[in-house]
2 protein chains.
Amino acid sequence: MMTPIKMLLMIHVVVFGLKENRLHVLLEQQQGEWLLPGEELGVDEAMEETADRQIRRLTGVEESYLEQLYTYGDPQRVPGQRCISVVYFGMIPADTLNDEGAEPCHQKWFPVTDLPQLGYDHGEIVTYALRRLRYKLEYSAVGFELLPELFTLTELQKMYEIVLGEKLDKRNFRRRILEANIIEATPYSRMGEGRPARQYRYRADAVAEVKTRRLFP
Amino acid sequence: MMTPIKMLLMIHVVVFGLKENRLHVLLEQQQGEWLLPGEELGVDEAMEETADRQIRRLTGVEESYLEQLYTYGDPQRVPGQRCISVVYFGMIPADTLNDEGAEPCHQKWFPVTDLPQLGYDHGEIVTYALRRLRYKLEYSAVGFELLPELFTLTELQKMYEIVLGEKLDKRNFRRRILEANIIEATPYSRMGEGRPARQYRYRADAVAEVKTRRLFP
DNA sequence: CCAAAAGTGTTCTATGTACACCCATGC
DNA sequence: GCATGGGTGTACATAGAACACTTTTGG
């Protein structure tokens, strides 16, 4: 006789953040295994709420960027159980990212280039999330979610270089981002080692999607 | 006392096809309402299998293009029940599309420009699927899934015009698609009203994704 | 020989890319 | 006054857009 298989509906999150000039992902340790943060969907809760609550619990960040990534439901992905995971993809600003969350437990930020072995299919999920992040960065303005409210053009450029993994030309970068008209200068300017840098902020009213190039028109 | 709410996990499909020079979607009538085809996920079945089975059941098409679209799970979307829908997005070739499916019931192809009132949130789902189809058409080669194996360049161009809803320049279209090297000429040529047209087929080994244009580099 | 659809190149414009020097501040 | 990062413009190459006539068949 077969034991009835419980069908489990989980919400997981892949949260990205910048730290020490590298892109990091937040993981949680459970029974000795590193996993994406997640929990069962609340019966009366929207899926985004569950995801958002995870991020608040682990990072203390109240408002974070969040979008649905993919739903994983292969019958073999979790042994002995039918588990469907609706996975969300999040980003938090660099200045809100620190190793102790609101509820410090077995959580840790890992550089995406240096991940531990992940349980179940979570490694594959992170790989896909990373691909999506790079993709989106090229045709939308999600990147700003990784920066604090105010940033210099050099910081912005560095963020792009970190996530895309390639060097960009300073003059072309500045010209194009200013022409795109999605950021605005603020009167503040930040002192550092050399000449002070002007600070900018993202214009919330900016419509920042660009048409993709046609493969063939 | 509350009655326990059953959580229902459904697989739905949005299937697109070409007919009479218009883009159509397949719908099914249930209890007087037009809905996307769907059924409950089988306990031991991959989600794609369930989706694929729907398409076979309604169209008789054995191999169809299929990809995951989005997962809808708002607590209010289906009154009196918590229903999570993992929605797939499919396309079938024009020559396999006819109004009677393998199991002729209350199903019908509707032009996307002329849809009936849909139940639940299914109207919104179709709108999103359509947006995704147009988007994908511009940076990948999914469009070929809507055509029969052999097609003329004029048919190919017409398909693009139908889905994108805009006229394209014949010479530029031909040059670019031939340069992209994703289709190959066949010796066959089809007689019609005027001069015979060369037929082409999609090169299955073609890697047909293009980098998206950067919003800012 | 006429109707109907197939096929074919060139010019102009816009966009992307490569590249090197002066500027403002702190120490 | 020097070290450090901030800020700026131009010339060339590539890709996209606009555009009209000739060709092959059937009737």
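So you know, we letter chains A, B, ... as the sequences are listed, proteins then strands, and number each from 1.
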K.L.:
Please report the distance, rounded to the nearest Å, between CG in A/D169 and C1' in C/dA20.
P.N.:
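The distance from CG of A/D169 to C1' of C/dA20 comes to 11 Å, rounded to the nearest Å.
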K.L.:
If I take atom CZ in residue A/F173 and atom P in nucleotide D/dT8, what distance separates them, rounded to the nearest angstrom?
P.N.:
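In whole Å, D/dT8 P and A/F173 CZ are 14 Å from each other.
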K.L.:
Mind checking A/R198 for me? I need base, sugar-phosphate or nothing, with any heavy atom below 4.0 Å counting as a touch.
P.N.:
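The residue A/R198 makes sugar-phosphate contact but no base contact.
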K.L.:
Find which nucleotide of DNA chain C each of B/R175 and B/K170 is nearest to by heavy atoms, and output the residue with the more 5' nucleotide.
P.N.:
B/K170
K.L.:
Whole angstrom is fine here: how far is it from CD in B/E155 over to P in C/dG7?
P.N.:
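In whole Å, C/dG7 P and B/E155 CD are 11 Å from each other.
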K.L.:
Within the 4.0 Å limit for protein heavy atoms, which parts of nucleotides 22-27 of chain C are touched? Write it as a string from 5' to 3', B for base, S for sugar-phosphate only, - for none.
P.N.:
-BBS--
K.L.:
With a 4.0 Å cutoff (strictly under), does any side-chain N or O of A/R174 reach OP1 or OP2 of D/dT8?
P.N.:
no
K.L.:
Which of these nucleotides, D/dG6, C/dC19, C/dT17, is closest to any side-chain atom of A/R176?
P.N.:
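Closest nucleotide to the A/R176 side chain: C/dT17.
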K.L.:
How many Å lie between CG on A/N172 and C1' on D/dT10, as a whole number?
P.N.:
11 Å
K.L.:
Report yes if at least one side-chain N or O of B/T154 is closer than 4.0 Å to OP1 or OP2 of C/dA5; otherwise report no.
P.N.:
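Answer is no, no contact under 4.0 Å.
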K.L.:
Return the orientation label for the B/H12 and B/H122 ring planes: parallel under 30°, perpendicular over 60°, tilted otherwise.
P.N.:
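Aromatic pair B/H12/B/H122 classed perpendicular.
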K.L.:
Output all residues satisfying salt bridge (Lys or Arg N to Asp or Glu O under 4.0 Å) with A/E39, sequence neighbours left out; order by chain, then residue number.
P.N.:
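Once residues adjacent in sequence are excluded, the partners of A/E39 under the salt bridge (Lys or Arg N to Asp or Glu O under 4.0 Å) criterion are A/R53.
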K.L.:
Whole angstroms only, please: what is the CD-P distance between B/Q157 and C/dA6?
P.N.:
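Taking atom P of C/dA6 as the reference, CD of B/Q157 is at 10 Å.
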